[in-house]
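Both ligands and their constituent atoms are indexed starting at 1 by order of listing. Positions are given from 1 along the sequence. Hydrogens, waters and symmetry mates are skipped; everything else that's a heavy atom, side chains included, is used. Values in this document were obtained by computation on a predicted structure and should not be read as measured data.
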Amino acid sequence: MSAIIIDGKQTAANYRNELKDKISNYNSQEVPVLAVVSVGDDPASKVYVRTKQKFAQEVGMGCEVIELADSIGENALLEIIDELNDNHHINGIIVQLPLPKHINTLKVLSHINPSKDVDGFTPYNTGLLSYNDPRGFISATPKGILELLKSTAVDLKGKHAVVIGRSNIVGKPIAMLLLNQDCTVTVTHSKTENLETIVKTADIVIAACGRAKMVKASWIKEGAIIIDVGINRVDGKLCGDVDFDEVKEKASFITPVPGGVGPMTVAMLLSNTFEAFCKQQDHHDCHCHHKNCKCH
Ligand code: NDP
């Protein structure tokens, strides 16, 4: 059996086209604007920022990139976020991660007004996700993964999903999202014992550990759905956390790297930004606790 390849590139392109139409048909003089705060000059981060900017422009959104030196202090960065929170022309704010070590990531992310937190990384929005409350922003990568799973038309209810990785930006939120879809979820990490045995029991595998081609065909139950989040570079070539060539012979569906989860992440970020824009245009009550938000 050879798996159906889930085409994230095409699915994301369809999303962006729909979004472009929604933005051009939206009855407003303004367009959604995303602010991307980028600290330092990590080459991979620069590529991700450029991609976000390119696709934002493609769908008719504004994208302001605020590039800051590696040496910026935490307080100075918080002040910049304050300005973006107060700027009514900015609808969504993201801080490109990772931040330099001298900056407390949680403190910075928590400073973003939750109604502009289109990456869904503030404790407020992650809290809403754990309550399965649709008012929050769901972070882009997990949201994109769920869309790809839905594109298979397989009923997720009761399926055993094994998530490899427990990071705050991928592993934990996708685990919560799948739990909210009535999956039975096992979250694994670098200290997990008998990982291979656990993965073998999965109907759905979400590989997000950043270990090139770690998941082998021998780990996979026949017919499992495989979502490969990993982005690794081996000998100058991109590959995922799953050994694609061998696993595709055993899985029912599989995402490729590149062309799987990555493009969906950007599409979902833009979709969240549009959602933020609509809510802010409607003076939506976001119930946040930021004194400068329009909801007060
Ligand atoms: P992190 O490094 O923050 O987290 C990796 C997680 O994997 C940790 O929980 C770690 O465990 C776990 N892990 C590491 N090694 C193993 C192992 N041998 N066995 C089991 N678990 C292991 O990475 P991210 O979550 O940020 O990203 C994961 C991957 O996804 C990366 O390749 C990244 O580039 C990619 N990525 C892709 C995105 C996309 O849009 N396609 C978006 C974001 C990330 P522990 O907690 O114990 O250390």
If you round to the nearest 0.5 Å, how far is CG of Leu178 from CD1 of Ile206? 5.5 Å

Please list the nearest protein heavy atom to atom 15 (N) of ligand 1 with its residue and the distance rounded to 0.1 Å. Arg211 NE, 3.2 Å

To the nearest 0.1 Å, how far is atom 2 (O) of ligand 1 from its closest protein heavy atom, and which atom is that? Cys209 O, 5.0 Å

At less than 4.0 angstrom from any non-hydrogen atom of Gly165, what atoms of ligand 1 do you find? 6 (C), 7 (O), 9 (O), 12 (C)

Which residue and heavy atom of the protein sit nearest atom 41 (N) of ligand 1, plus the separation: Val229 O, 3.4 Å

Under 4.0 Å from one or more heavy atoms of Leu195, ligand 1 contributes atoms 19 (N), 20 (C)

May I ask whether Ile169 and Phe137 are part of the same hydrophobic cluster, defined by side-chain heavy atoms of I, L, V, M, F, W, Y residues being less than 4.5 angstrom apart, directly or through others? no

Looking only at atom types and distance, does a side-chain atom of Asp235 sit under 3.5 Å from a main-chain N or O of Lys237, one as donor and one as acceptor? no

Sub-3.5 Å donor-acceptor pair from the side chain of Lys116 to the main-chain atoms of Ile112, do we have one? no

If we set the cut-off at 4.0 Å for heavy atoms, which region of Ile164 has an atom near ligand 1: side chain, backbone, both, or neither? side chain

Please could you name the atoms of ligand 1 that Ile169 approaches to less than 4.0 Å, counting only its heavy atoms? 26 (O)

side-chain hydrogen bond (donor to acceptor under 3.5 Å, both in side chains) pairs, two or more places apart, involving residues 249-265: Thr141-Thr265

Run the ring pair (Phe, Tyr, Trp, His ring centres under 6.0 Å) test against Tyr131 and tell me which residues pass, sequence neighbours left out. none

What protein heavy atom lies closest to atom 21 (N) of ligand 1? Include the residue and the distance to one decimal. His189 C, 3.1 Å

Is the closest protein non-hydrogen atom to atom 19 (N) of ligand 1 under 4.0 Å? yes

Between Asp228, Ile231, Thr255, flag the one that comes closest to atom 34 (O) of ligand 1 by a heavy atom. Ile231

Tell me the protein heavy atom at minimum distance from atom 31 (C) of ligand 1, and give that distance in Å. Gly210 CA, 3.7 Å

Between Thr188 and ligand 1, which residue portion shows a heavy-atom distance shorter than 4.0 Å: side chain, backbone, both, or neither? neither

Ranked by distance from atom 23 (O) of ligand 1, the top protein heavy atom is Ser167 CB, 4.4 Å

Note: ligand 1 atoms sitting under 4.0 Å from heavy atoms of Gly262 are 40 (O), 41 (N)

Considering heavy atoms of the protein only, find what lies nearest to atom 10 (C) of ligand 1 and give residue, atom and distance to 0.1 Å. Ser190 N, 4.2 Å

Counting from 1, what ligand 1 atoms have a heavy atom of Val170 closer than 4.0 Å? 25 (O), 43 (C), 44 (C)

Which protein non-hydrogen atom lies closest to atom 9 (O) of ligand 1, naming both residue and atom, and how far is it? Arg166 N, 2.8 Å

Below a 4.0 angstrom heavy-atom separation, can you tell me which part of Thr265, side chain or backbone, both or neither, approaches ligand 1? side chain

With rounding to the nearest 0.5 Å, note down the distance linking CG in Asn14 to CD in Gln10. 4.5 Å

Run the contact test for Met214 against ligand 1 with a 4.0 Å cut-off on heavy atoms, strictly below, and give the result. yes

Closest heavy-atom pair, Phe277 versus Glu30, reported as atoms and distance to 0.1 Å, is CZ-O, 3.5 Å

With respect to His160, which candidate in Thr186, Asp203, Thr184 satisfies the side-chain hydrogen bond (donor to acceptor under 3.5 Å, both in side chains) definition? Thr186

